[in-house]
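Quick note: numbers below take in every heavy atom, side chains included, and nothing from hydrogens, waters or symmetry partners. We name chains A, B, ... by the order of the sequence lines, and we start the count at 1 in each one.
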There are 2 protein chains.
Amino acid sequence: MSGTNNGSRRVRLVDVARHAGVSTKTVSNVVHNYQHVTPDMRSRVQKAITDLGYKPNLTARRLVTGKTSMIALAIPETNHPYFSSLADAIVKAAEDRDYRVLIEQTDGDSEKELDVLRDREAGLVDGVIFQPAKVTSLDLAQIQEDTPVVMLGEAASPISFDHIMIDNTAASEVAVKHLIGLGRKRIAFLGDVRGDSAGATKKRLTGYQKGLEDSGLSVDTSLVLQVESFSPESAKVAVQEAIRSGIEFDGLLCRDDRFAVAALQLLRDEGISTPEEIAVIGWDDTVLARYSYPTLTSVSPNIQAIANDAVTMLIERIEGLSGTGRHVLAPYNLHIRESAPAVKA
Amino acid sequence: MSGTNNGSRRVRLVDVARHAGVSTKTVSNVVHNYQHVTPDMRSRVQKAITDLGYKPNLTARRLVTGKTSMIALAIPETNHPYFSSLADAIVKAAEDRDYRVLIEQTDGDSEKELDVLRDREAGLVDGVIFQPAKVTSLDLAQIQEDTPVVMLGEAASPISFDHIMIDNTAASEVAVKHLIGLGRKRIAFLGDVRGDSAGATKKRLTGYQKGLEDSGLSVDTSLVLQVESFSPESAKVAVQEAIRSGIEFDGLLCRDDRFAVAALQLLRDEGISTPEEIAVIGWDDTVLARYSYPTLTSVSPNIQAIANDAVTMLIERIEGLSGTGRHVLAPYNLHIRESAPAVKA
DNA sequence: CGGATAATTTACAACGATGTAAATTTGATT
DNA sequence: AATCAAATTTACATCGTTGTAAATTATCCG
């Protein structure tokens, strides 16, 4: 049997070289498919490699090349439908370009968010794709400027960073107008999250207002439901309180799918029909939207596009591209389902 | 300003040493909080470290210590409610022990699964937590690697590996008996997935049969619904075909939550009420179970326990524990929700 | 205060690969 | 066959850290 390991110790490049009677560099050349190696030599070395079961030591390689071929993806939670599909897409995009992804969970904690960038400084990864939840533009400005970073999401970021996002304001406007197209006049927004500094909610709110005003509807601030935290439970509480206090609405635009499915569940418990009495739209078009009842109409960012752009742009930076940050608007659409169906022709 | 970098080059240990006028080893000692360093020396070095903004190069450290302090988690998909919460739990458990987790997606592809273990490149991680989807015990037995591995899930694995799983047969039995307790007599199983070699389905099926037989019900093989793939769509097709061909049932045990929510959706579309006409139970107790309509009763593996055990056992192996594989049965329970409610007292 | 012991600090060789530049071989041309 | 250029292969330094063992300094005790 070939490739067996007698348990003594790892096989090193130099062991292969000795076994084949050549220099270490030649073995290295074969491993790397360097073109100027004679077929004879190549097969001789190849045989030695399989004979001994040699595996290159990545750590050593990294030390000398200074490249890790790893990128970090920093997201608030792994266990979140949107972020886990984003992670999936990014891992696949990176794989195509021979990079591995180290997924880092920041728990929406600003210290942890900054830690990720420090990882890059420690040489663990070559670059970072970063979707912040808390960190401010100011914090980021202090990061070493030669760290390749691509920002995702809606938070403001220093102009020096590349940044990809969907046009939240425009998307929000599209969603509101869809509800208006269904004849809804009193459209609520769920929800304005307390202490949310990342800015996504603000932009969505802006689009919400713009959409209303554009269509000649007035903005009623009591329809902007305040939510305590990002948990679905607090979204339920917010909707319930609105109902209890007699606030009436026939459309509901939610800042994300989690809030939306929580709202759907609450409305059902309250005996309010969706979409007949209240039409609901979510955001992110996650798996939750497909299996809720009714199925959920949702703003659908093009995750493939975001992931591809993010990886491509990051690798360009890693390979030395300099210059000010590039800002990219990623495509999106409104995925129409039952909770806010298509307007009848 | 301290810690500034003039953009020229990384600060190395030797730079700090020179700046502080001491040897490199002393700096290293300070960095590692080695106890035999005088307070004077410690503060002097510390100052140099912050002055220069020194960050240890992890790659170099790894090369000499031979430890990466990283473990790999190999799962079929990141973008899957069960696996993403498993990943979340494992990342947190590992963090507590100063390990980081590299998540590897195998896409349920046996080549990729083997690659994870074959470890084409060495020194990336210190150990692997591996939940296989395709690979067989036989394949695994042929891998003779020195990287420590802990197996998760139901696939048979060679006795030489540590292995953690829940008792699928018993859990399945509990679920079936819950349905029987609700007075259901004709209980179907969704589904027997074509080409699923990992064994989870088989074990769940065994428990299903055992539960029926134990309660004096006969097993009707037409109630074991065949499913083409793991996609929710094919689960829908299977249930629909069963209904169309006149197969009657009043209980449905599903091999996972995805199948279950797909079934719920289909039953609704067919005008069949849940749980009144058909009570449904899922498996994995994912986020889908909380937001489906009706909410889904589901077999709930204790992910925390699994993650903790997996990380603990793996680290024991990494630290040199030898001996044959340990097999651990993790706790679980049946999370009761609307789709198969509690039995009335 | 001398001598032994313990506490610090240091010099230097690893870790295992790759880059550079020099040494060798091969091939082409006259 | 001699010469020169191109194609292979090699020797050796290097990446930035830590482990070992030796060198130095501080402390203790009779």
> Is there any salt bridge (Lys or Arg N to Asp or Glu O under 4.0 Å) pair reaching into residues 84-95 of chain B, and which pairs are they, with sequence neighbours excluded?
Replying inline: A/K112-B/E95, B/D88-B/K92

> Taking five pairs at each end, how big is the angle between the two axes of the helix from C/dC1-D/dG30 to C/dT30-D/dA1, to 10°?
Replying inline: 40°

> With A/H327, which residues qualify under ring pair (Phe, Tyr, Trp, His ring centres under 6.0 Å), at least two apart?
Replying inline: A/H163

>> With a cut-off of less than 4.0 Å, is there a side-chain N or O of A/R61 near OP1 or OP2 of C/dA17?
In response: no

>> Quick check on contacts: within residues 26-47 of chain B, what sits under 4.0 Å from DNA chain D by heavy-atom distance?
In response: B/S28, B/H32

Which pairs, protein N/O on one side and nucleotides 19-21 of chain D N/O on the other, fall under 3.5 Å?
residue, atom, partner, partner atom, Å
D/dG19, N7, B/K25, NZ, 3.3

> For B/N57, which residues count as a side-chain contact (heavy atoms from CB on, under 4.5 Å) partner, sequence neighbours excluded?
Replying inline: B/T59, B/A60

>> The criterion is ring pair (Phe, Tyr, Trp, His ring centres under 6.0 Å); which residues satisfy it with B/F161, sequence neighbours excluded?
In response: none

>> Could you go through B/D107 and B/Q105, starting from their C-alpha distance and side-chain angles, then the distance that decides it, and tell me whether this counts as side chain to side chain donor-acceptor pair (under 3.5 Å)?
In response: CA-CA 6 Å; B/D107 300 320; B/Q105 187 159 308; 3.3 Å; yes

>> Contact list please: residues 15-23 of chain B against DNA chain D, heavy atoms, distance less than 4.0 Å, in numerical order.
In response: none

>> For A/E113, give me all partners under side-chain contact (heavy atoms from CB on, under 4.5 Å), at least two apart in sequence or on another chain.
In response: A/T106, A/F130, A/P132, A/A133, A/K134, A/V135

> For A/S160, which residues count as a side-chain contact (heavy atoms from CB on, under 4.5 Å) partner, sequence neighbours excluded?
Replying inline: A/P158

>> Can you list everything that forms a salt bridge (Lys or Arg N to Asp or Glu O under 4.0 Å) with B/R100? Sequence neighbours excluded, please.
In response: A/E104, A/D119

Could you go through residues 304-311 of chain A and list every donor-acceptor pair under 3.5 Å that involves a side-chain atom there, pairing it with any protein atom two or more places apart or in another chain?
residue, atom, partner, partner atom, Å
A/N308, ND2, A/Q304, O, 3.3

> Does the side chain of B/R317 pick up a donor-acceptor pair with the side chain of B/S322 at under 3.5 Å?
Replying inline: no

